[in-house]
Engineer: 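Below is one structure. I have some questions about it.
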Amino acid sequence: MRFDLITIFPEFFDGPLDYGIVRRAREGGLLEVAVHDLRNFTHDRHRTVDDRPFGGGEGMVLKPEAIFEAVESLPGKEGAEKGIGETRSTGSPQNLPGQAGQAPGPQKTAVVLLSASGKLFRQETARRYAGLDRVILICGRYEGVDERVAEHLATEELSIGDFVLSGGELPAALVVDAVTRLLPGALGNEASALQESFSEPGVSVVGAQYAAPLQARPDPVVQPSPLGTGILDYPHYTRPADFRGWAVPDVLLGGNHAEIRLWRRKMALAKTLRNRPDLLASASLSDVDLRLLDETRSKA
């Protein structure tokens, strides 16, 4: 897939794109990232991208002209259509990821405005983006972006949390990283993307015993729901087994995999209850999970 990042600070991305999984995905041909300097699409001698808002107010607002031109200049995305769909590619095929030497074809594209006013970016958003061919990220700056960008160009407006940043560059790097992890082949162990916090509900990642519904399993008393049910990950421990007097829980050293699975599920539920109780309202919980939660609450 391909990311196009539109920003007034293109040098910002020299670091975040050159390390870890994102770098390996780029080198392996799984991911293409292009950074576009918004000022290259201005037409005045000062390369002006912002102006004071109508009606008064503090600060400056990004103007719409350069942003529209930047997005509309990209091959495979002519104009802006609300909603994520297929757009007919134009321009040279070599500019399109995974299509070298082929005729241009339809692309599934999202045009995303990164803004504190947008919908919250979640793991399910990352999964949806990973199924697209292209994601165009518009990095907001200053006091905001002309609303016509959100209304008539972006397919959606996105925020990474209930706080305000100086611009959309950090959120863009975050989105690229989160989506890249979900691309087939990006991780050395494909199960890693499933056996994590916020993993997709109902996904089997730890063996055949989790592939069937809970009631069909031979021992439902000790079999919790699949790990991928939208809650936080369980705690992890490694060597040394005793560090500064803090010992690894005995259950992890005993070799009883059924007990380990149950303990991990209980600890994951406890951490979710402690740090993100809001997730439990929409999590897929079994009767065993509810019992484990009751035990956790009774000890609190």
Side-chain angles (χ1 to χ4, degrees), residues 112 114 116-131 156-165 171 174-175 177-182 187 189-238 246 248-252 254 256-300:
V112 181
L114 295 163
S117 301
K119 295 180 179 179
L120 191 62
F121 178 71
R122 298 182 181 276
Q123 188 68 9
E124 62 189 48
T125 317
R127 285 194 294 268
R128 177 161 55 87
Y129 288 172
E156 56 193 301
E157 197 171 356
L158 198 66
S159 167
I160 64 166
D162 295 335
F163 48 87
V164 179
L165 296 171
L174 180 152
V175 170
D177 187 280
V179 174
T180 300
R181 296 177 57 81
L182 300 177
L187 298 177
N189 182 355
E190 292 304 310
S192 296
L194 303 177
Q195 196 168 334
E196 294 179 319
S197 298
F198 315 112
S199 52
E200 186 172 6
V203 175
S204 173
V205 295
V206 292
Q209 69 269 27
Y210 282 172
L214 182 66
Q215 60 270 23
R217 295 174 196 147
D219 189 3
V221 176
V222 297
Q223 293 289 356
S225 296
L227 292 175
T229 49
I231 66 172
L232 301 184
D233 196 8
Y234 52 78
H236 298 270
Y237 295 87
T238 185
W246 302 310
V248 172
D250 291 338
V251 65
L252 299 178
N256 187 320
H257 295 292
E259 289 184 0
I260 290 173
R261 284 194 296 270
L262 187 65
W263 178 89
R264 284 176 167 172
R265 183 63 178 184
K266 184 175 183 178
M267 293 302 101
L269 289 164
K271 179 172 283 191
T272 305
L273 180 64
R274 182 172 64 252
N275 294 343
R276 291 292 307 275
D278 55 296
L279 295 176
L280 294 174
S282 58
S284 301
L285 301 179
S286 68
D287 291 340
V288 176
D289 292 330
L290 296 175
R291 175 173 61 81
L292 294 176
L293 274 174
D294 287 340
E295 293 176 2
T296 300
R297 291 188 178 101
S298 66
K299 295 179 180 179

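Computed from heavy atoms alone, side chains included, the values below leave out hydrogens, waters and symmetry copies.
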Engineer: Pair Arg265, Ile231 - check side-chain contact (heavy atoms from CB on, under 4.5 Å), show working.
Structural biologist: CA-CA 10 Å; Arg265 183 63 178 184; Ile231 66 172; 3.6 Å; yes
Engineer: So Ile160 and Leu165, do their side chains get closer than 4.5 Å, heavy atoms only?
Structural biologist: yes
Engineer: Let me confirm one number: the CG-CG distance from Leu158 to Leu120, rounded to the nearest 0.5 Å.
Structural biologist: 8.0 Å
Engineer: Drop me the distance from Phe121's CZ to Glu156's CD, to the nearest 0.5 angstrom.
Structural biologist: 10.0 Å
Engineer: Do Leu269 and Thr296 have side chains that get closer than 4.5 Å, going by heavy atoms?
Structural biologist: no
Engineer: To the nearest 0.5 Å, tell me how far Leu285 CG sits from Leu292 CG.
Structural biologist: 10.0 Å
Engineer: Do Asp289 and Ser286 pair up side chain to side chain, a donor and an acceptor below 3.5 Å, judged on atom types alone?
Structural biologist: yes
Engineer: Of all the heavy-atom pairs spanning Ile260 and Val251, show the shortest one and how long it is.
Structural biologist: CG1-O, 3.4 Å
Engineer: Taking all non-hydrogen atoms of both residues into account, name the closest pair between Pro235 and Ala268 and its distance.
Structural biologist: CD-N, 4.4 Å
Engineer: Run the side-chain contact (heavy atoms from CB on, under 4.5 Å) check on Val112 and Val175 step by step: do they pass?
Structural biologist: CA-CA 11 Å; Val112 181; Val175 170; over 6 Å; no
Engineer: With a 4.5 Å heavy-atom cut-off, do Leu262 and Val288 have their side chains touching?
Structural biologist: yes
Engineer: Any ion pair linking Arg291 and Asp294 (charged N to carboxylate O, less than 4.0 Å)?
Structural biologist: no
Engineer: Rounded to the nearest 0.5 Å, how far does CE of Met267 lie from CZ of Arg274?
Structural biologist: 9.0 Å
Engineer: To the nearest 0.5 Å, tell me how far Arg181 CZ sits from Arg127 CZ.
Structural biologist: 13.0 Å
Engineer: Does atom CG of Asp162 have more than 12 heavy-atom neighbours, drawn from other residues, nucleotides or ligands, at distances under 6.0 Å?
Structural biologist: no
Engineer: Quick one: CH2 on Trp263 to CG on Asn256, what's the gap to the nearest 0.5 Å?
Structural biologist: 14.0 Å
